[in-house]
Undergrad: 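Sending over a structure as structure tokens; questions will come in a sec.
Each residue takes its place number in the sequence, starting with 1. Order of appearance sets the numbers: ligands from 1, and atoms from 1 within every ligand.
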Amino acid sequence: MQKIIILTGAGISAESGLRTFRDSDGLWEGYNIEDVATPQAWARNPELVQDFYNQRRKGVLEAQPNAAHYALAKLQEKYDVTIITQNIDDLHERAGATNVVHLHGVITRSQSSANPKLTYPINGWEIKMNEVCELGSPLRAHVVWFGEDVPMIEPAARLCATADIFILVGTSLAVYPAAGLIDYVPVEVPKYIIDPKIPEVRNYGSVYKIEEKATVGLVKLVQELMGDE
Ligand code: APR
């Protein structure tokens, strides 16, 4: 079975109604990213940060996977598929993807504020300020903030090195270390990029740029890869 590695970003969930980070006004749902997505923000105003992520979680739970998420799950019928996602939503899994690596965590779980390895399922949509982990520290969203380690980056890099086909969807490649993953994909491996605004990549080997929204460009590509055409 050929191995397909896919790196996804916020753009794949845009058509599910979840906003991307860098498409509009530089704000994330009205906030400066440093006011909500950093350890300093949590230290300064934990209630604000908790509430911000509770609202994002509510949005994720209300959203539905779109045709692009389902198309990637369909690839599993013919290929050995791994999705590496920067997204904190769980729409890949809800579309049926079985092999998903979350580089930046997943908002549907909580995390100990003392030890990032301790994560838990959340009952409902909200983490309350008085909820604590087994060590007695407050629970926060299981997401990677700016300035924090990205523990899944090494396994993700190793996966990229094993790809037979590589697909990049809906990411501006503005945030490292995730943006560097494409450099681990061997030169001879075909690479497809689907984005209405193709990000800059070092143009080596066979790079196919599909300048379309995910529900159009990715769905077409999957049809081709499945041999449905
Ligand atoms: N289909 C495909 N791509 C789309 C669509 C769509 N319908 N709509 C927008 N895009 C593209 C944009 O053109 C852009 O290239 O999605 C990309 C979104 O880029 P960003 O907002 O920068 O999101 P992302 O690359 O996922 O951000 C990376 O930054 O803030 C952090 O941790 C956060 O994981 C996130 C990381």
Undergrad: Once side chain to side chain donor-acceptor pair (under 3.5 Å) is applied, what residue pairs with a partner in residues 168-181 remain, sequence neighbours excluded?
TA: Q86-T171
Undergrad: Who pairs with E126 by side-chain contact (heavy atoms from CB on, under 4.5 Å), at least two apart in sequence or on another chain?
TA: N54, K128
Undergrad: Check ligand 1 for close polar pairs with the protein: N or O on both sides, less than 3.5 Å.
TA:
residue	atom	partner	partner atom	Å
ligand 1	1 (N)	G11	O	3.3
ligand 1	1 (N)	A214	N	2.8
ligand 1	7 (N)	E15	OE2	2.8
ligand 1	13 (O)	D195	OD1	2.6
ligand 1	15 (O)	D195	OD1	3.3
ligand 1	15 (O)	D195	OD2	2.8
ligand 1	16 (O)	G170	O	3.3
ligand 1	19 (O)	S172	N	3.4
ligand 1	21 (O)	F21	N	2.7
ligand 1	21 (O)	R22	N	2.8
ligand 1	22 (O)	R22	NH1	2.7
ligand 1	22 (O)	S172	OG	2.6
ligand 1	25 (O)	T171	OG1	2.7
ligand 1	25 (O)	S172	N	3.0
ligand 1	26 (O)	A10	N	2.8
ligand 1	27 (O)	R22	NH1	3.1
ligand 1	29 (O)	R22	NH1	3.2
ligand 1	29 (O)	R22	NH2	3.2
ligand 1	30 (O)	R22	NH2	3.3
ligand 1	32 (O)	H104	ND1	3.2
ligand 1	34 (O)	Q86	O	3.1
ligand 1	34 (O)	H104	ND1	2.8

Undergrad: Report the C-alpha distance between K197 and E211 in whole Å, list the side-chain angles of each, state the deciding distance to 0.1 Å, and finish with yes or no for salt bridge (charged side-chain N to carboxylate O under 4.0 Å, His left out).
TA: CA-CA 6 Å; K197 222 170 100 195; E211 203 164 340; over 6 Å; no
Undergrad: Verify the cluster assignment for I210 and L72: are they in a single hydrophobic cluster under the rule of side-chain heavy atoms below 4.5 Å apart?
TA: yes
Undergrad: Enumerate donor-acceptor pairs with a distance under 3.5 Å from any side-chain N or O in residues 185-192 to protein atoms, sequence neighbours excluded.
TA:
residue	atom	partner	partner atom	Å
K191	NZ	P186	O	3.2
K191	NZ	V187	O	3.2
K191	NZ	V189	O	2.9

Undergrad: Salt-bridge test for E47 and R140: reply yes if a basic N is under 4.0 Å from a carboxylate O, no otherwise.
TA: no
